[in-house]
Amino acid sequence: MAHDYLEGLNDAQREAVLHTTGPLLVLAGAGSGKTRVITHRIVHLVHQGVAPHNILAVTFTNKAAKEMRERAMALLQQFPPSDRAIIDSYPTVTTFHSLGVRLLREHHATLNLPRHFVIYDRSDSVKAIKTALEQAGYNPKQFEPRKILSIISRTKGDAISQSDFSADARSYPEQVAAAVWTHYADILRNDKALDFDDLLVKTLQLLTDYPVIRDVVRERYRYLHIDEYQDTNKVQFAIARVIAGEHPNICVVGDIDQSIYSWRGADISNVLQFERHFTGAKTILLEENYRSTQTIIAASNQVIAQNKNRVEKTVFTSNATGEKITLYAAQQGIDEAEYIALQCKQLISEGARPSDTAVLFRTNFQSRVLEEAFLNFNVPYQVLGTKFFERKEVKDVLSFLRLALNPDTTADLARIVNVPPRGIGKVTALKLIEGRRDELAGATAEKVARFDQLMQDITDHARIEPISKTLRFIMSRTGIETHYKKSGTEEDLERLENLRELVSLAVRFDELDPEEGVEALLENAALQSDQDELGEHGGDAVRLMTVHAAKGLEFPYVFVSGLEEGLFPHERLDDRGVDHEEERRLFYVALTRAEKKVWLTYAHLRTIFGSQRVNIPSSFLNDIDTEHVELEGTGGFGQSSGYETTIYLD
């Protein structure tokens, strides 16, 4: 039947799918099937006669975009429209940054960019900021490059130009960032490179400054969907508004209760003021949760109800009541970690897969003691945050690739001119970077000439061969493969395995034109998120990650650790103190990752920055009725009554 694809949708989901004209705001509670709504809406639009290539869906991670794209295509294949000709094209399902790359490559000449512009990942940007600090006359040891980059990044995300920021800089850190920004911009320009934020800023510039291009993009993407709308910043909102145009067919899906990125520019008012931004907007609430037990939903509802800055909604579920939430009080951080590791080991012994379990924490430093415990008890684990594409050997090979397509990128030249060692020292490398080749002579000039020929060979290969073959060629022609084999150390053999994994990953791009395949791989590497590690390089292991990294994921079993005042809710080290509403939303996100069972843990004593700190349980625990909780352990450190803990000190 023509509308079989609507079967299985609840009333609210169906209403959202069928509302195809004009602006639509879908407020979707955790686990309420928002991806299901977007994918079914895409299918419905195609059945209504909309050409798939006129449909755009944007989300925030490669993993989410891949899942949404696959689900939409599977539905279209399962429920094809009667007019077969209409599915000769495909909907565009992508991330904001990848959309920016697509448009900027398409119109690169308009902004005076090379087609093969370099995309700086965060580590590239941090390195460039360090150089920019030195060029501006500051000591990188005095001014943390990551903090300077964060100021610049946040400013770009707020759609504030470099000149306006410099003019308005009042505090000393802002004045330093303004001075550094000038040199950082020069480094990017000289490398023909854009950083993450430029991908959005330049896209907005393209769409606002060039009406002809704007109209082409609007005509191409007549139906716009945006997932995780609460996470959009000012630039992303502006891009969406420009593409939507004066008669917007825009559907945004979001949840104010899961807005946890204000620190990087996400603007919750984009959701709260949607109906003002888009006149005549319809709002639909998705409140039925299909993921979690009634116990988990009841507890998470009690937590989030304490927030004031939200749209009132009550998530419910038809799932079973499920087990109570376990609250464990440990004596010290190491005791907490060992308890979690042993519980995970018990789950595995009872038949759960290791990857069914996630251990969440508020800040990255908490992973160290957890890792020790998992190692001691021989429980397989993976810490999200160590990205495959940031491994040295992988970055080296990708730098050869980037330099082959863009000879102006001095960062890549500096990185690999002597990798593996070929007798080109730092002085010679500096002369190459500064364009002083005429000062080279004798054996040094011969070494550089051999390197130039090496790069030319890679360039020639990359233009005609599939990307996976080009990577094999780079490993062989540069001598990297031989270098790691000859070394024979366990570490170098592991590096070689990682490079072989890179080749395997690249095969998916072999069907593209060779240069497009190179672009696709480099874009994938630069824009990868922590979550992308799960599918490709994670294996079957317990996942250890921050709550921020867990956003959008789900697991049968979830541990939320470190629930202590000052840690979660987290007390910032700057003068902004604690944002209790955002911290509570973060706790809500942590709870709603779980399908079957939640453990909440804290420690009476924890060593932080070398000092042992006495803790009181997180105030968030008091938001949950005791009927949903079972208590375990006092760490031998007092007595528990409800969630109150008496601590005896000598």
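From Tyr221, atom OH reaches atom CG of Asn54 across 10.0 Å, with rounding to the nearest 0.5 Å.
Salt bridge present: Glu497 and Arg500 bring a charged side-chain N and a carboxylate O closer than 4.0 Å. Between Asp396 and Arg495, no side-chain nitrogen of the basic residue sits less than 4.0 Å from a carboxylate oxygen of the acidic one, so the salt-bridge criterion is not met. Using a cut-off of 4.0 Å between Lys/Arg side-chain N and Asp/Glu carboxylate O, Glu519 and Arg115 are scored as salt-bridged.
Here the closest heavy-atom approach between residue Tyr210 and residue Gln205 is recorded as CD1-O, 4.0 Å.
Among residues two or more places apart in sequence or in another chain, the ring-ring contact (aromatic ring centres under 6.0 Å, His included) test is passed with His183 by none. Every residue two or more places apart in sequence or in another chain that forms a ring-ring contact (aromatic ring centres under 6.0 Å, His included) with Phe473 is listed here: His461. Residues satisfying the side chain to side chain donor-acceptor pair (under 3.5 Å) test with Ser98, not counting sequence neighbours, are Thr95, Glu523. Applying the side chain to side chain contact (heavy atoms under 4.5 Å, CB included) rule to Arg214 yields the partners Pro211, Arg218, Val242; only residues at least two apart in sequence or on another chain are considered. Scored by the salt bridge (charged side-chain N to carboxylate O under 4.0 Å, His left out) test, Glu515 finds Arg463 as partners (sequence neighbours excluded).
In this structure, Lys431 places its NZ atom where more than 12 heavy-atom neighbours from other residues, nucleotides or ligands lie under 6.0 Å away.
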Contacts under 3.5 angstrom, residues 432-444 side chains, donor-acceptor by atom type, not counting sequence neighbours:
from	atom 1	to	atom 2	distance (Å)
Glu434	OE1	Arg436	NE	3.0
Glu434	OE1	Arg436	NH2	2.9
Arg436	NH1	Glu439	OE1	3.1
Arg436	NH1	Glu439	OE2	3.4
Arg437	NH1	Asp452	OD1	3.4
Arg437	NH1	Asp452	OD2	2.7
Arg437	NH2	Asp452	OD1	3.2

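Judged by distance alone, the side chains of Thr363 and Gln366 do bring a donor and an acceptor atom under 3.5 Å apart. Counted by atom type alone, Lys447 and Thr428 present zero donor-acceptor pairs between their side chains at under 3.5 Å.
No side-chain heavy atom of Tyr90 sits less than 4.5 Å from a side-chain heavy atom of Leu76.
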